Amino acid sequence: MKKKLEELSKRYIELNDLIQDATLVKDAKRYKDVMREHSHLTQVMNAYDEYKKILQGIEDAQHLITEEDDHDMKEMAREELKELEAIQPEMEAKLKFLLIPPDPLEEKNIIMEIRGGTGGDEASLFAADLFRMYVRYAEGKGWKYEIMDASETEVGGYKEISFSISGKFVYGSLRWEAGVHRVQRVPETEAQGRIHTSAVTVAVLPEAEETEIEIRQEDLRIDVMRAGGCGGQCVNTTDSAVRLTHLPTGLVVIQQDEKSQLRNKEKAMRVLRARLFDLEESKKQAERSAARKNMVGSGDRSERIRTYNFPQNRVTDHRINLTLYKLDQFMQGSLDEMIDALNISAKEAALKTSVAVES
């Protein structure tokens, strides 16, 4: 670890010189990458400085204990040594976590897609509940959201809804929400008071910038049509809905939420770009691809990452075996405890992988 920290110290000095270069800002992508790396290494170097002070303090205390004749000074040195040796492993653990390189996708905005799975109307209602939960969480963080497309049901739920969330560290916070969410509760229409089980799938796509994903016009088939919906104002009277088909991959995106065909096309391109970006990232990182296949499935009850049990006010994440008995608060957007635990678990897994590779 010390060797790695010394290498990073040299790199940090290089970055400090680099950010003083006035020409850096002319290359927007490079500037962003350099500033991201500098921000991360600043945290590492601050912790490393603190760690070196602890090591120096231990060395000084040991020297006093062996060389000092004064009894009181020796006792003070022993007390200080005891305190510093207790802090040392905690500081080393912190440094190990900081040495895990940050995922450059963490700062990206996202497009989230929620689809009702097993459970019919009850699944569509829970899809709407999850949408509101994520919106409340986003609002609490000061993030912005925009509905991309929605297919409503007659009971007031969603067959599916896609929306974007933009802000600071959005993907890094919500990336682990991807998967199958199972709900156990008594539907309002259930006269006998029986608990029903339904499932909803959630996909989380990092939103790509135009410079990151090039979509050639010859690779696109664009169809326009009349928007569909649940009736009344939900159905447009003009051909404003847009369907994009990406011929090389077969990906299809339908956008009909806006009355403007142009706006629907713009939104559809954002969604398509995000899906293509996700495909590219999955190829680069096989573990992410495997995780995505495990987390986003058909919506069947047996494929689940989390269970929401309303009668017991309980929410359980099965990946990290964490259960919280505050589902009412959770559904109001209080997700931090769960999200923090998921991120810590992911870092611990990354640390184990890193140690295994080094050994």
Side-chain angles (χ1 to χ4, degrees), residues 110 112-141 143 145 153 155-163 165 169-204 290-349:
I110 65 168
M112 185 174 274
E113 300 173 340
I114 303 175
R115 293 183 176 86
T118 308
D121 286 345
E122 177 61 16
S124 77
L125 289 170
F126 188 58
D129 289 339
L130 284 184
F131 166 66
R132 286 188 287 270
M133 179 184 81
Y134 291 124
V135 165
R136 288 167 184 144
Y137 179 71
E139 289 174 339
K141 294 288 183 183
W143 298 339
Y145 77 94
T153 63
V155 295
Y158 292 111
K159 288 181 182 177
E160 59 183 78
I161 180 169
S162 64
F163 55 101
I165 301 179
F169 203 68
V170 177
Y171 184 71
S173 298
L174 292 174
R175 63 189 303 175
W176 307 116
E177 293 304 296
V180 177
H181 298 241
R182 185 177 71 164
V183 58
Q184 297 172 325
R185 64 183 176 186
V186 179
E188 293 180 9
T189 55
E190 174 54 62
Q192 303 298 321
R194 292 175 297 186
I195 296 174
H196 284 223
T197 300
S198 305
V200 168
T201 60
V202 175
V204 181
R292 182 170 172 77
K293 287 175 184 175
N294 289 332
M295 290 192 294
V296 182
S298 63
D300 185 81
R301 289 187 182 95
S302 63
E303 301 177 42
R304 66 189 187 279
I305 61 164
R306 191 177 296 157
T307 295
Y308 302 72
N309 186 297
F310 280 77
Q312 297 179 19
N313 196 36
R314 167 171 58 85
V315 57
T316 300
D317 195 289
H318 305 290
R319 296 163 296 181
I320 56 174
N321 295 318
L322 175 62
T323 296
L324 304 175
Y325 287 91
K326 41 180 133 179
L327 178 56
D328 51 345
Q329 299 174 38
F330 199 82
M331 297 306 295
Q332 293 299 316
S334 298
L335 311 183
D336 279 328
E337 187 174 351
M338 183 72 77
I339 286 172
D340 289 347
L342 284 163
N343 275 319
I344 289 171
S345 177
K347 284 189 175 181
E348 287 174 345

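Remember, predicted model here, so these are calculated numbers, not experimental data.
- Of all the heavy atoms in Ala341 and Ile320, the pair that sits closest is CB-CD1, 3.8 Å.
- For the pair Val186/Phe310, no side-chain contact is recorded, criterion being any heavy-atom separation below 4.5 Å from C-beta on.
- A donor-acceptor pair is defined here as one N or O able to donate and one able to accept, closer than 3.5 Å; no such pair exists between the side chain of Asp328 and the backbone of Asn313.
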Trp176/Val204 under side chain to side chain contact (heavy atoms under 4.5 Å, CB included): CA gap, chis, key distance, verdict: CA-CA 8 Å; Trp176 307 116; Val204 181; over 6 Å; no
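- The structure places CG of Leu342 at 11.0 Å from OG of Ser173, a figure rounded to the nearest 0.5 Å.
- Aromatic pair Tyr308/Phe126: ring centres closer than 6.0 Å.
- Among residues at least two apart or in separate chains, salt bridge (Lys or Arg N to Asp or Glu O under 4.0 Å) pairs with a member in residues 329-339 are Lys141-Asp336, Lys326-Glu337.
- Proximity of Met133 to Leu335: side-chain heavy atoms (C-beta onward) are separated by under 4.5 Å at one or more points.
- A donor-acceptor pair under 3.5 Å is absent between the side-chain atoms of Asp317 and the main chain of Arg306, judged by distance alone.
- Rounding to the nearest 0.5 Å places CD1 of Ile344 at 10.5 Å from CG of Leu322.
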Stepwise side chain to side chain contact (heavy atoms under 4.5 Å, CB included) test for Trp143 and Leu174: CA-CA 12 Å; Trp143 298 339; Leu174 292 174; 4.0 Å; yes
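- A distance of 13.0 Å separates CZ in Phe330 from CZ in Arg314, rounded to the nearest 0.5 Å.
- Atom-to-atom distance recorded for Glu177:CD and Tyr137:OH is 8.5 Å, nearest 0.5 angstrom.
- In this structure, CD in Gln184 is found 5.5 Å from OG1 in Thr307, a value given to the nearest 0.5 Å.
- Heavy atoms only, all atoms of each residue included: Val180 and Ala199 are closest at CG1-CB, 4.0 Å.
- Applying the salt bridge (Lys or Arg N to Asp or Glu O under 4.0 Å) definition to pairs two or more places apart or across chains, those involving residues 130-139 are Asp129-Arg132.
- A side-chain contact (heavy atoms from CB on, under 4.5 Å) with Ser124 is found for one member of Ile161, Thr153, Val200 and no other, namely Thr153.
- Rounding to the nearest 0.5 angstrom, the gap separating the CD atom in Glu160 from the CZ atom in Phe131 is 13.5 Å.
- Around OH of Tyr145, the count of heavy atoms belonging to other residues, nucleotides or ligands within 6.0 Å does not exceed 12.
- Here the closest heavy-atom approach between residue Ala178 and residue Ala203 is recorded as CB-CA, 4.5 Å.
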Derivation and outcome, side chain to side chain contact (heavy atoms under 4.5 Å, CB included), residues His181 and Ile114: CA-CA 10 Å; His181 298 241; Ile114 303 175; over 6 Å; no
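- The side-chain contact (heavy atoms from CB on, under 4.5 Å) with Arg185 is formed by just one residue from the set Asn309, Ile195, Leu125; it is Leu125.
- The two atoms that bring Gly116 and Ala127 nearest to each other are N-CB, 4.4 Å, heavy atoms only.
- Side chains of Arg115 and Thr201: a donor-acceptor N/O pair is absent below 3.5 angstrom, by distance only.
- Of all heavy-atom pairs between Gly156 and Ala128, the closest is O-CB, 4.2 Å.
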